[in-house]
A.B. asks: 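There's a structure below that I have some questions on.
Numbers restart at 1 for each chain; the letters A, B, ... are given by sequence-line order, proteins then strands. Just so you know, these numbers come straight off a predicted model, no measurement behind them.
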Number of protein chains: 2
Amino acid sequence: MFDEIDIHILEILQEKARIPNAEVARQVGMAPSAVLERIRKLEERGIIEGYEVRLNPACFHQGLSAFVQVETDGTDAQIASALAAITSVQEVHQVVGPDGFLVKLRTADHTTLARILQQIRPLPGVKSIRTQVVLDTVKETRRVDLTEHNGNSRHS
Amino acid sequence: MFDEIDIHILEILQEKARIPNAEVARQVGMAPSAVLERIRKLEERGIIEGYEVRLNPACFHQGLSAFVQVETDGTDAQIASALAAITSVQEVHQVVGPDGFLVKLRTADHTTLARILQQIRPLPGVKSIRTQVVLDTVKETRRVDLTEHNGNSRHS
DNA sequence: ATACAATATGAATAAAATTCGTATTTAAAG
DNA sequence: CTTTAAATACGAATTTTATTCATATTGTAT
């Protein structure tokens with residue numbers, strides 16, 4: 001799927017995604033055109049899904065995080081998409097075990113949170129909800145560990 | 001803090017973070033140098049925290065997500081950093097209520113997950129853990145809603 | 001070994017980033 | 001409602017980067 005050079009490129013991009021191609025090429029010791037071609041293919045294959053800007057949520061009145069355990073009657077796509085449609089909802093995960101979803105929210109304050117919760121409760125199929133408000137986020141990353149992939153070669 | 005033009009720029013960047021500056025300038029109808037200056041200041045002020053590449057976790061043997069409710073004896077920074085130090089741990093949130101943390105994990109499979117859990121259980125201060133394995137992730141975004149900020153002007 | 005496909009190179013060109021002097025706008029103070 | 005100072009925008013010039021493509025090299029299967 002990908003070799004050590006690809007991993008190296010991905011490591012550089014994970015560190016700082018807006019780094020110029022030419023700089024990546026310098027760091028991996030290859031021609032810029034070759035690196036460009038590799039990145040293109042990583043994008044084509046869906047290994048690179050995209051590039052994101054990380055904004056400071058506190059600057060946009062989104063300082064409060066919460067997790068909501070939503071117990072449901074079955075696990076319809078209906079409920080899932082109703083939850084996903086709420087703007088404050090950042091994540092919706094269907095979990096194993098008793099039917100339900102784990103929802104991650106982001107709101108300005110407790111008042112807004114309460115409003116969103118009142119919005120979730122009456123959704124058809126929702127049996128109960130349990131809310132956990134986040135006091136402090138110690139770690140929050142999406143970085144993928146690439147260290148274990150150094151040995152992979154490019155087999156079809 | 002920021003005006004409508006900043007919001008417009010941030011919306012464009014949230015859509016596609018690796019878009020060239022010159023293209024952003026075209027879309028907002030300003031000179032590239034002016035847009036560059038604005039983006040710089042957004043970065044300086046910590047409004048833009050950084051740029052990330054989004055990788056497909058499944059391509060790196062990280063296809064399994066799980067949430068772990070860690071009940072603890074108090075909420076030491078000790079426990080938090082011990083949890084955060086584990087590579088598979090993507091998020092550590094201290095939650096309101098009974099002392100504890102909500103931890104988000106990413107592993108290759110159930111076997112690896114079990115191993116990580118056995119690693120968490122004996123940490124000093126950990127009373128009990130409850131694990132929720134993710135079957136399906138319906139939504140997962142970090143996008144900040146900027147639509148409400150159109151009226152903001154630039155006051156100190 | 002041979003041939004085919006994939007990848008790398010390097011030069012050339014187009015595009016973008018960056019800098020900076022000047023002009024314009026904005027906001028505060030008088 | 002001016003005046004003034006600071007912030008921002010502009011646009012030309014320059015440097016750097018992106019992109020393309022013909023050629024060379026490498027890797028792989030037969």
Side-chain angles (χ1 to χ4, degrees), chain A residues 1-56 58-60 144 146 148-156, chain B residues 1-56 58-60 144 146 148-156:
Chain A
M1 200 74 166
F2 38 76
D3 62 13
E4 325 74 48
I5 298 173
D6 289 322
I7 294 293
H8 192 181
I9 291 170
L10 293 175
E11 277 173 344
I12 292 166
L13 290 179
Q14 274 206 140
E15 190 61 41
K16 199 172 178 298
R18 250 207 163 198
I19 196 174
N21 237 321
E23 177 59 22
V24 178
R26 253 169 249 132
Q27 290 189 27
V28 301
M30 291 208 312
S33 50
V35 172
L36 190 70
E37 181 66 12
R38 274 174 179 270
I39 291 179
R40 264 189 194 152
K41 284 187 179 162
L42 289 167
E43 290 168 354
E44 271 174 16
R45 292 179 215 157
I47 294 166
I48 291 177
E49 292 183 344
Y51 303 90
E52 291 179 353
V53 63
R54 185 158 31 85
L55 302 183
N56 187 339
C59 294
F60 303 95
V144 172
L146 302 172
E148 300 299 321
H149 293 263
N150 289 321
N152 282 25
S153 53
R154 65 180 72 199
H155 300 303
S156 63
Chain B
M1 200 74 167
F2 37 74
D3 62 12
E4 326 75 47
I5 298 173
D6 289 322
I7 295 294
H8 192 182
I9 291 171
L10 293 174
E11 276 172 345
I12 292 166
L13 290 178
Q14 273 205 141
E15 191 61 41
K16 197 170 179 297
R18 250 207 162 199
I19 196 174
N21 237 317
E23 176 60 23
V24 178
R26 252 169 249 133
Q27 290 189 27
V28 301
M30 292 209 309
S33 52
V35 173
L36 189 70
E37 181 65 12
R38 274 174 178 272
I39 292 178
R40 263 189 193 151
K41 285 186 179 164
L42 289 167
E43 289 167 355
E44 272 173 16
R45 292 178 215 158
I47 295 167
I48 292 177
E49 292 183 344
Y51 303 90
E52 291 180 351
V53 62
R54 185 157 32 86
L55 303 183
N56 187 340
C59 294
F60 302 94
V144 173
L146 302 174
E148 301 300 321
H149 292 265
N150 288 323
N152 282 27
S153 53
R154 65 180 73 202
H155 300 304
S156 61

A.B. asks: Rounded to whole angstrom units, what separation is found between the CD1 atom of Ile5(A) and the P atom of dT25(D)?
C.D. replies: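 Spelled out: CD1 on Ile5(A) to P on dT25(D) is 18 Å.
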A.B. asks: Tell me: CG of Asn21(A) to P of dG10(C), nearest whole Å?
C.D. replies: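 Going from Asn21(A) (CG) to dG10(C) (P), I get 16 Å.
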A.B. asks: Checking contacts here: which listed nucleotide (dT7(C), dT18(C), dA9(D)) is nearest the side-chain heavy atoms of Arg40(B)?
C.D. replies: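 When the side chain of Arg40(B) is considered, dT18(C) is the closest of dT7(C), dT18(C), dA9(D).
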A.B. asks: Please determine if a side-chain N or O atom of Lys41(B) lies less than 4.0 Å away from the OP1 or OP2 oxygen of dT8(D).
C.D. replies: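 Checking dT8(D) against Lys41(B), a side-chain N or O does come within under 4.0 Å of OP1 or OP2.
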A.B. asks: Starting the side chain at C-beta, find the nucleotide from dC21(D), dA9(D), dC20(C) nearest to Ser33(A).
C.D. replies: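 Selected nucleotide: dC21(D).
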A.B. asks: Roughly how many Å is it from OH in Tyr51(B) to C1' in dA17(C), rounded to a whole number?
C.D. replies: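 Going from OH in Tyr51(B) over to C1' in dA17(C) covers 13 Å.
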A.B. asks: Please identify each residue that fulfils ring-ring contact (aromatic ring centres under 6.0 Å, His included) with Tyr51(B), with sequence neighbours left out.
C.D. replies: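 Partners of Tyr51(B) by the ring-ring contact (aromatic ring centres under 6.0 Å, His included) criterion come out as none, since no residue qualifies.
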A.B. asks: Are the side chains of Asp6(B) and Ile47(B) in contact, using a 4.5 Å heavy-atom criterion?
C.D. replies: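 Counting from C-beta outward, Ile47(B) and Asp6(B) never come under 4.5 Å.
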A.B. asks: Checking contacts here: which listed nucleotide (dA16(C), dT19(D), dT18(C)) is nearest the side-chain heavy atoms of Pro20(B)?
C.D. replies: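 Side chain of Pro20(B) sits closest to dA16(C).
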A.B. asks: Give the rounded distance in Å between these two atoms: CZ of Arg18(A) and C1' of dT16(D).
C.D. replies: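 So the two atoms are 15 Å apart, to the nearest Å.
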A.B. asks: Which nucleotide, dA16(C), dC21(D), dT17(D), lies nearest any side-chain atom of Arg26(A)?
C.D. replies: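 Out of dA16(C), dC21(D), dT17(D), the nucleotide with an atom closest to Arg26(A)'s side chain is dT17(D).
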A.B. asks: Calculate the interatomic distance between Asp3(A) atom CG and dT26(D) atom C1'; express it in whole Å.
C.D. replies: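 After rounding, the gap between these two atoms is 13 Å.
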A.B. asks: Starting from C1' on dA6(C), measure out to CZ on Arg45(A) and report it in whole angstrom.
C.D. replies: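 Roughly 11 Å, once rounded to whole Å.
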A.B. asks: Once rounded to the nearest 0.5 Å, what's the spacing between atom CG of Leu55(B) and atom CG of Leu146(A)?
C.D. replies: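 One finds 6.5 Å between CG of Leu55(B) and CG of Leu146(A).
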A.B. asks: Which heavy atom of Cys59(B) sits nearest to which heavy atom of Gly46(A), and what is that distance?
C.D. replies: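 Closest pair (atom of Cys59(B), atom of Gly46(A), distance): SG-O, 4.4 Å.
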A.B. asks: Could you tell me whether the side chain of Val144(A) reaches within less than 4.5 Å of the side chain of Leu10(A), counting heavy atoms only?
C.D. replies: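 Side chain of Leu10(A) against side chain of Val144(A), heavy atoms only: no contact under 4.5 Å found.
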A.B. asks: So which heavy atom on Glu52(B) is nearest to which on Ala17(A), and how close?
C.D. replies: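 The answer is C-CB, 3.4 Å.
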A.B. asks: Starting the side chain at C-beta, find the nucleotide from dA8(C), dA17(C), dT17(D) nearest to Ala34(A).
C.D. replies: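 Of all the options, the side chain of Ala34(A) is nearest to dA8(C).
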A.B. asks: Which donor-acceptor pairs under 3.5 Å do the side chains of residues 21-29 of chain B make with protein atoms, sequence neighbours left out?
C.D. replies:
residue  : atom : partner  : partner atom : Å
Glu23(B) : OE1  : Arg26(B) : NH1          : 2.6
Glu23(B) : OE2  : Gln27(B) : NE2          : 3.1

A.B. asks: Given dG10(C), dC10(D), dT18(C), identify the nucleotide with an atom nearest to the side chain of Met30(B).
C.D. replies: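 Out of dG10(C), dC10(D), dT18(C), the nucleotide with an atom closest to Met30(B)'s side chain is dC10(D).
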A.B. asks: From the set dT9(C), dT17(D), dT8(D), return the single nucleotide nearest to any side-chain atom of Ala31(A).
C.D. replies: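 Closest nucleotide among those given: dT9(C).
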A.B. asks: Using a cut-off of less than 4.0 Å, is there contact between a side-chain N or O of Arg38(B) and OP1 or OP2 of dA9(D)?
C.D. replies: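 For dA9(D), OP1 or OP2 has a side-chain N or O of Arg38(B) closer than 4.0 Å.
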A.B. asks: Roughly how bent is the helix from dA1(C)-dT30(D) to dG30(C)-dC1(D) end to end, in steps of 10 degrees, with each end axis from five pairs?
C.D. replies: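 Answer rounded to 10°: the end axes differ by 40°.
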A.B. asks: Rounded off to whole Å, could you give me the CD-to-C1' distance for the Glu37(A) and dT25(D) pair?
C.D. replies: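 Result: 15 Å.
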A.B. asks: To the nearest Å, how far apart are Leu36(A) CG and dA16(C) P?
C.D. replies: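 It works out to 14 Å between those atoms.
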